[in-house]
Amino acid sequence: MTAKNSATLPHAIAVRGSGAVRGTGGVRGSGATRSRPALGGTTLAAAGVVAFSLTFPGTAWGLESFGPWSLFGLRCLLAGLTAGAFLLALRVPVPARAHWAGLAVVAGGVVIGFPLLTTLALRTSTTSHAAVVVGLLPLTTAVVSSLRTGARPSRRFWAAAVAGAVVVLGFTVAQSGGALSAGDAFLFASLLVCAAGYTEGGRLARLMPGWQVIAWALVLCLPIAVAGSALGLAYEPVELSGRGVAGLLWVAVGSSFLGLYVWYRGMAEIGAPRASQLQLAQPLLTLVWSVLLLGEHLSAAAPVAACAVLVCIVVTQRSDRPTRQVKQGRNDLNC
């Protein structure tokens, strides 16, 4: 997440769309969940947000040692191996055949599309710039989800979504000298593919625990990760450094798996509405990390734009819930 996701998930990876976890076996409604201290769930969800906010700085560090394709391939490979180890250790059964198509969409959007596109973008974009653009991910996910489910959000929702998009587009054009750069194109494309992955992940999270959705998606990408790592390492130079290796390990294990693991666990305990409020801080946290870890100098417009997008997201979360579904009247808006 970076999104989310990514964060940006990515990152990034899990935003308000993971609210569909409410339907996974009645997790939220169970007596066992209600008896747990809310502080524990809040701490877990907050830890996930912090992990996601470090995705872009970790990627920037990783690019100091690896080329973009090598970093992407190794990230997917290490994350997939970690996820596979957890699934084996916990003896999680293989998902039903009917779920694999949805898992492929999650893998394509969250595991492959978002990390690859944001990594390519960060070759020329600063992490602070990327954080503001990808801060639009919750709104993008909301729009994609409404189209996917046939929901009809309120006019206030759409007004806030359009306002957020205008703010980010204006910020991007201003920062890029009056025209979109190649890095901006990668960032906007990452929003679309990640939103599609989040939406499908939200649907699957009603059928299995949310962390298992991302774990199986990571495992599904292992063949691509092996091939991508081999090709990247064969054609791109590698200059190992402490920060480069630390960045790789963080985006592979910290952001791509452990961050999502604690996020879903925490959200299952405190509920999606409360958890999503915590994630509103993610873009602003990334701006802080870009200064502390990378020494970037923020433009005056960056925090202003990030706060404006945050306000737009809050408005969409407080908007009236969709009143009509074309196919499933009781489906939630998975954003």
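This one's a predicted model, so the numbers in the text were calculated from it and none came from an experiment. Below, each value reflects all heavy atoms present in this structure, side chains not excepted, and no hydrogens, waters or symmetry copies.
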| task | List the atom of Ala60, the atom of Thr127, and the distance in Å for their closest heavy-atom pair. | result | CB-CG2, 4.0 Å
| request: Please examine the side chains of Phe52 and Leu285, heavy atoms only from C-beta on, and report whether any two atoms are closer than 4.5 Å. | output: no
| said: Please find the pair of heavy atoms, one from Val213 and one from Gly201, that lie closest to each other, and give the distance. | reply: CG1-CA, 4.2 Å
| task | Verify side-chain contact (heavy atoms from CB on, under 4.5 Å) between Leu74 and Leu233, making sure each step is shown before the conclusion. | result | CA-CA 9 Å; Leu74 291 172; Leu233 292 173; 4.2 Å; yes
| query | Nearest heavy-atom pair of Leu137 and Cys194: which atoms, and what distance? | reply | CD2-SG, 3.9 Å
| message | To check you understand the geometry: which heavy-atom pair defines the closest contact between Thr286 and Ala131, and what is its length? | response | CG2-CB, 3.5 Å
| Any side-chain heavy-atom pair of Trp61 and Glu64 under 4.5 Å | yes
| query | Below 4.5 Å, heavy atoms only, C-beta onward: do Glu239 and Ser65 meet side chain to side chain? | reply | no
| task | Say whether Ser53 and Trp289, considering side chains only, have a donor N or O and an acceptor N or O under 3.5 Å apart. | result | yes
| said: Give me the atom names and distance for the closest heavy-atom approach of Ser290 to Leu287. | reply: OG-O, 2.6 Å
| remark: On a heavy-atom basis, the closest approach of Val132 and Ala302 is CG2-O, 3.6 Å
| task | Treating Ile, Leu, Val, Met, Phe, Trp and Tyr as nodes and any side-chain heavy-atom pair under 4.5 angstrom as an edge, say whether Leu292 and Leu298 lie in one connected cluster. | result | yes
| Check: Glu296/Ser128 side-chain N/O donor and acceptor closer than 3.5 Å | yes
| request: Say whether Leu77 and Tyr235 are linked into one hydrophobic cluster, either directly or through other cluster members, by side-chain heavy-atom distances under 4.5 angstrom. | output: no
| Are any of the side-chain heavy atoms of Arg75 and Thr59 separated by less than 4.5 Å? | yes
| said: Within the structure provided, determine whether Phe171 and His129 are in side-chain contact (heavy-atom separation under 4.5 Å). | reply: yes
| field | Joint cluster assignment, Val226 & Trp216, ILVMFWY side-chain distance < 4.5 Å | value | yes
| task | Decide whether Thr118 and Ser190 meet the rule of one side-chain donor and one side-chain acceptor closer than 3.5 Å. | result | no
| Under a single-linkage definition using a 4.5 Å side-chain heavy-atom cutoff for Ile, Leu, Val, Met, Phe, Trp and Tyr, are Leu192 and Phe186 assigned to the same hydrophobic cluster? | no
| message | Could you check whether Ser70 and Glu236, counting side-chain N and O atoms only, form a donor-acceptor pair closer than 3.5 Å? | response | yes
| field | Trp250 atom CH2: more than 12 heavy-atom contacts under 6.0 Å | value | yes
| note | When rounded to the nearest 0.5 Å, the distance separating CZ of Arg123 from CG of Leu71 is 11.5 Å
| Are Phe86 and Phe257 close enough that their ring centers fall under 6.0 Å? | yes
| message | If you define the side chain from C-beta out and look only at heavy atoms, does anything of Leu293 sit under 4.5 Å from Leu54? | response | yes
| Going only through I, L, V, M, F, W and Y residues with side-chain contacts under 4.5 Å, is there a path from Val144 to Leu187? | no
